[in-house]
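Step one of this worksheet: look at the structure below.
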2 protein chains.
Amino acid sequence: MNAPLKPPKRTRIQTEKRERILEAALEVFSTNGFRGSTIDQIAEAAGMSKPNLLYYFRSKEDMHQTLISKLLDTWLEPLRELDDSRDPLTELRGYIRRKLEMARDYPRESRLFANEILQGAPRILPLLEGELKSLVDEKARIIKNWIRAGRIAPTDPYHLIFSIWATTQHYSDFDVQVRAVLGYDHYGEGRFEDAARFLENLFLDGLRPRG
Amino acid sequence: MNAPLKPPKRTRIQTEKRERILEAALEVFSTNGFRGSTIDQIAEAAGMSKPNLLYYFRSKEDMHQTLISKLLDTWLEPLRELDDSRDPLTELRGYIRRKLEMARDYPRESRLFANEILQGAPRILPLLEGELKSLVDEKARIIKNWIRAGRIAPTDPYHLIFSIWATTQHYSDFDVQVRAVLGYDHYGEGRFEDAARFLENLFLDGLRPRG
DNA sequence: CTAACGTTTGTCCATTCAGTAAAAATGCAC
DNA sequence: GTGCATTTTTACTGAATGGACAAACGTTAG
């Protein structure tokens, strides 16, 4: 089941070069979007000439496709870890934290993904309807069971997941806006801890003062 | 204080045509991003020739700039309405609902904005650092007062506002993903009501079961 | 009618950009 | 080394696109 199609059989050099190119492509695509990026930019960022780059990747599309495919797997990992058998609130808190850590550690991936969805997900709609939907369905079932058992408050599991995605990815996708509003002085290393504390609080207890 | 600079002194026809162009430009820019859109596309959508369009707008930049400027005002209106003097929870619930309604009624504007921020806000960073920051600072002060008075639970007002932005705009910006995950059968007219109910619940009470 | 003005169109140009072709250089097995 | 495969460079093509411009068209005031 592991990589069922074409074992590309690459030399060490090819693997390394492809890696370097993808790294550069991620940088460029995530800041300029697909149409806003040029092969020349990517080539420059990867430290090689455009035709040389095109020796390793057939086309611009090809690079983008490769990036997106690799991305989705990493992206869903935190959700996959959501575990039936442990304490619900701890599990959800853990999920939020892992997702926020991804936003912190992989902001370029997040923006690449956001760009793709914003444009209507032309290249990954099938993946969203298939793999993504299945996973979310599965985890939603888990959450529903928690609710039925009275272990978390009744709520819509799908929208819950959406809101976790939205709030955490906001810190990578809208980073510029966050920084502008918080002001560049207050915006040190502690900001992700602040966000984490806030989100944990919000999702667990909400705004209404607890009796 | 109304339109302090250059009264453009336009004929009725000019106003109408410019309106028609901006409408078309919004449609095109919001689906393809700035670089992904061509003047020809916009001209076609507006039902006129490219040179004709360029008679009304100096350049592609010009159209984009005009759209973005108009946008921010509308965009901040819901937050402006947040009122010191009324019940905090009602006020915040009202803000969430208004913001969600904007996401429903102006998805193209939302995506245009998201695109701009994603690319690093090259054209509106000053506005974010100025107008936006001031407004948020002002409203954050109100929220802090509510907290001090014990009328809402202690939390970070800035991150609270961010999370309201994130969750509501998610339904316009990531609409494709939301639809793909919910499945197209369950995805009828009621979805915005579902989202509204969920968010209200989340922000007010969180997930922990109330005693 | 006609001069003046605002509007529209057809045509053109320069640039950018994805992708190709083929030669040149490099590495590598023997 | 010699011959073969891989990699890199130089030079180019063709399409897309933003924008310029002048001529043509229409409308209206006198």
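Within every chain, numbering begins at 1; the chains are lettered A, B, ... in the order of the sequence lines, protein sequences first and strands thereafter.
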In numerical order, the residues of residues 31-47 of chain A whose heavy atoms come under 4.0 Å of DNA chain D are A:Arg35
In whole angstrom, what separates [X]'s [atom1] from [N]'s [atom2]?
X: B:Lys60; N: D:dA16; atom1: NZ; atom2: C1'; value: 11 Å
X: B:His64; N: D:dG18; atom1: NE2; atom2: P; value: 13 Å
X: A:Leu54; N: C:dT20; atom1: CG; atom2: P; value: 8 Å
X: A:Arg20; N: D:dT8; atom1: CZ; atom2: C1'; value: 12 Å
X: B:Met63; N: D:dG18; atom1: CE; atom2: P; value: 9 Å

Can you list, pair by pair, the side-chain donor-acceptor contacts under 3.5 Å of residues 121-129 of chain A, counting residues two or more places apart and other chains?
residue  : atom : partner  : partner atom : Å
A:Arg123 : NE   : A:Glu116 : OE1          : 3.4
A:Arg123 : NH1  : A:Glu61  : OE1          : 3.2
A:Arg123 : NH1  : A:Glu61  : OE2          : 2.7
A:Glu129 : OE2  : B:Tyr184 : OH           : 2.6

Side chain of A:Lys17, heavy atoms from C-beta onward: which of C:dT8, D:dT7, D:dG19 has the nearest atom to it? D:dT7
Any donor-acceptor N/O pair, A:Asp156 side chain to A:His159 backbone, under 3.5 Å: yes
Nucleotide N/O to protein N/O under 3.5 Å, stretch nucleotides 26-28 of chain D:
none

Verify the contact: side-chain N or O of A:Tyr56 to OP1 or OP2 of D:dT8, cut-off strictly under 4.0 Å; return yes or no. yes
With the criterion being N/O to N/O and under 3.5 Å, what pairs connect the protein with nucleotides 23-28 of chain C, and how long is each?
none

Within 45° cone of A:Trp75 ring axis and under 6.0 Å: A:Lys99 NZ or CZ: yes
With no hydrogens and no angle check, do the side chains of A:Thr155 and B:Asn201 hold a donor and an acceptor under 3.5 Å apart? no
Less than 6.0 angstrom separating the ring centers of A:His64 and A:Phe57, yes or no? no
Give a yes or no on this: more than 12 heavy atoms of other residues, nucleotides or ligands lie within 6.0 Å of atom CD of B:Gln41. yes
Provide the full list of side chain to side chain donor-acceptor pair (under 3.5 Å) pairs with a residue in residues 27-36 of chain B, sequence neighbours left out, each pair given once. B:Glu27-B:Arg108
For [X], give me all partners under side chain to side chain contact (heavy atoms under 4.5 Å, CB included), at least two apart in sequence or on another chain.
X: B:Lys144; value: B:Arg148, B:Pro157, B:Tyr158
X: B:Ala103; value: B:Ser172
X: B:Asn52; value: B:Met48, B:Ser49, B:Tyr55, B:Tyr56
X: B:Pro88; value: B:Trp146, B:Arg151, B:Ile152

Across all chains, not counting sequence neighbours, the ring pair (Phe, Tyr, Trp, His ring centres under 6.0 Å) partners of A:Trp165 are A:Phe162
For residues 45-54 of chain A, the salt bridge (Lys or Arg N to Asp or Glu O under 4.0 Å) pairs (sequence neighbours left out) are A:Asp40-A:Lys50
Quick test: give all pairs of protein nitrogen or oxygen and nucleotides 9-13 of chain C nitrogen or oxygen below 3.5 Å, distance rounded to 0.1 Å.
residue : atom : partner : partner atom : Å
C:dT9   : OP2  : B:Ser49 : OG           : 3.4

